[in-house]
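The next block holds one structure in the form of structure tokens; read it before the comments.
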2 protein chains.
Amino acid sequence: MRARSDPPQVSGETTRQRLIDAALQVFGEFGFEGASTRMLADKADANLAAIPYHFGSKEGLYCAAAQYIVDRMAQHTAPLLEQIEHALRNGPLPRNQALELMHNYTDTLVAILVGSSEADGWAAFIMREQLQPGAAFDVLYEGMMRRVGDAGAGLLASILKRSRSDPSINLRAIAILGQILVFRNCRQTALRSLGWKEFSVERLEQIQSLIREHVDLILAGAV
Amino acid sequence: MRARSDPPQVSGETTRQRLIDAALQVFGEFGFEGASTRMLADKADANLAAIPYHFGSKEGLYCAAAQYIVDRMAQHTAPLLEQIEHALRNGPLPRNQALELMHNYTDTLVAILVGSSEADGWAAFIMREQLQPGAAFDVLYEGMMRRVGDAGAGLLASILKRSRSDPSINLRAIAILGQILVFRNCRQTALRSLGWKEFSVERLEQIQSLIREHVDLILAGAV
DNA sequence: GTCTATAGTCGGATAGAC
DNA sequence: GTCTATCCGACTATAGAC
């Protein structure tokens, strides 16, 4: 039996935070319409009325979850992106250094996007938002995707000695990102086609090494 | 005023077919839960009760739409896949012929996946089904994705002179497909990052030529 | 801040006339 | 096969006690 002054939460987290955690999972799995406020409240061990109280509405909770993803993702990628952005700020990079940064970039993205269990819920959330962009898409794009894409394109421009504004640089950056993202976006299809049940650590390393090899080949020969 | 014996449909299509057409669009845009039977019936210019009558339930209509996608996609890709499958059946291919088939393969997939307006609705449908695989996922995978993936991996094995069962062949095939799929799966993000409003014919050709270049570089150097 | 109870709406499916 | 009318369950949001 709890003492009178104890908060009624199950864990130490606030109801607000538990609702956001639940939202990441439940919206990710079922989508905005597929998720009901009852599911969300149950998963968070919170009361149904806590959603309109803390977030105004179901949609408010959805946007709060998008913002949370951006914040956490920024924490994960900050060291890498700062390193790249700092290096690019000081003019053109020596080819070796740029290639090493590029390998670091793809390895880190594979680890975060494909390997991180935290990303499981996030990825579905983000992908659904891309299918039918709403207010949360701007939050995700401006807070996260743009910076990641810019870093990759900047490195590419430096390695290929082309202008950052050359559209072929952007296209190439997207294609390279695509080689990583496919293992996340089409995870079920990829796993089934490989006859795998999951991406274990060892298999992640196979993927990282394959992407590095492709990047090297593309960057060695691209015109 | 229609004669007594005329069917009550607006167009020549049967109610059943109009419902499937509507389902492709509406489920694609809003997802299974996001789409209501009323939306579906309105879009198809059909009666609400026609859905349970023709398909048993909303879910039955959803599965019928998945089957329709598989059938149409098979029509689109049949010439290409038959050409590849036939060529692979007669033992190892000369490198030049295999490369030409590979270019044909990527060009066709870019045209269908990125360029076809028909694919707009389908792609979202398929991607949502990957996020939360249900009964329709098996229909899509077995009827479509497997054959496309197998053709690509078969070509790759032939070009790289590796066993078809070598997992690195499958991984490489997925990575190459990823470079194409990213322009479909992350269409909104890609367009925004490129500052484009749509993938025009001319831009599709840019993408096709870029993918061909990447494929050549990867296949020339891969070990 | 958290709870119960409930209002008000909209969902999918059905019954039965035509 | 197609229609109207309707049932009933599930949904989000709110009111008001504590």
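In what follows, chains are A, B, ... by sequence order, proteins preceding strands, each numbered from 1.
- Atom-to-atom, CG of A:Leu61 to P of D:dT12 comes out at 11 Å; the value is rounded to the nearest Å.
- Looking at B:Asp150 and B:Arg164, a side-chain N of the basic residue comes within less than 4.0 Å of a carboxylate O on the acidic one, giving a salt bridge.
- For D:dT4, one of the phosphate oxygens OP1 or OP2 lies less than 4.0 angstrom from a side-chain nitrogen or oxygen of B:Asn47.
- Counting non-hydrogen atoms of other residues, nucleotides and ligands closer than 6.0 Å to CD of B:Gln75 gives a total above 12.
- Per the geometry, NZ belonging to B:Lys58 stands 9 Å off P belonging to C:dG11, to the nearest Å.
- In this structure, B:Glu13 atom CD and D:dG1 atom C1' are separated by 17 Å, rounded to whole Å.
- A cation-pi arrangement is present between B:Arg203 and B:Trp196, with the terminal nitrogen or guanidinium carbon under 6.0 Å from the aromatic centre and inside a 45° cone about the axis.
- Between A:Ser57 and B:Tyr53, the residue anchored closer to the 5' end of DNA chain D is B:Tyr53, taking for each the nucleotide with the nearest heavy atom.
- Taking atom CZ on B:Phe27 and atom C1' on C:dG12, their separation rounds to 12 Å, with Å as the unit.
- Counting to the nearest Å, the C1' atom of D:dA10 and the CZ atom of A:Phe30 are 16 Å from each other.
- Ranking D:dA15, C:dG11, C:dT14 by closeness to the A:Ala49 side chain, first place goes to D:dA15.
- Residue contacts for B:Ala41: at a heavy-atom cut-off of 4.0 Å it reaches no nucleic acid atom on any strand shown.
- Protein atom CD of A:Gln17 is 14 Å distant from nucleotide atom P of C:dG1, rounded to whole Å.
- When the nucleotides D:dT2, C:dG12, D:dC11 are ranked by their closest atom to the side chain of B:Thr15, D:dT2 comes out on top.
- Note: B:Phe55 and B:Tyr62 fail the aromatic proximity criterion, with ring centroids not under 6.0 Å apart.
- Summarising the geometry, the separation between CE on B:Met39 and P on C:dC10 is reported as 12 Å, rounded to the nearest angstrom.
- For B:Thr37, a side-chain nitrogen or oxygen approaches OP1 or OP2 of C:dG12 to under 4.0 Å.
- A residue-by-residue look at B:Leu48 and B:Arg16 shows that B:Arg16 has its nearest nucleotide of DNA chain D further toward the 5' end.
- A donor-acceptor pair shorter than 3.5 Å can be found between the side chains of B:Gln17 and B:Asp21.
- One interatomic measurement links the two molecules: CD of A:Glu33 to P of C:dG11, which rounds to 11 Å at whole-angstrom precision.
- Residue contacts shown for A:Ile51 are absent, as no nucleic acid heavy atom lies under 4.0 Å away.
- With C:dT14, C:dT2, C:dG11 as the candidates, the nucleotide lying closest to the side chain of B:Arg38 is C:dG11.
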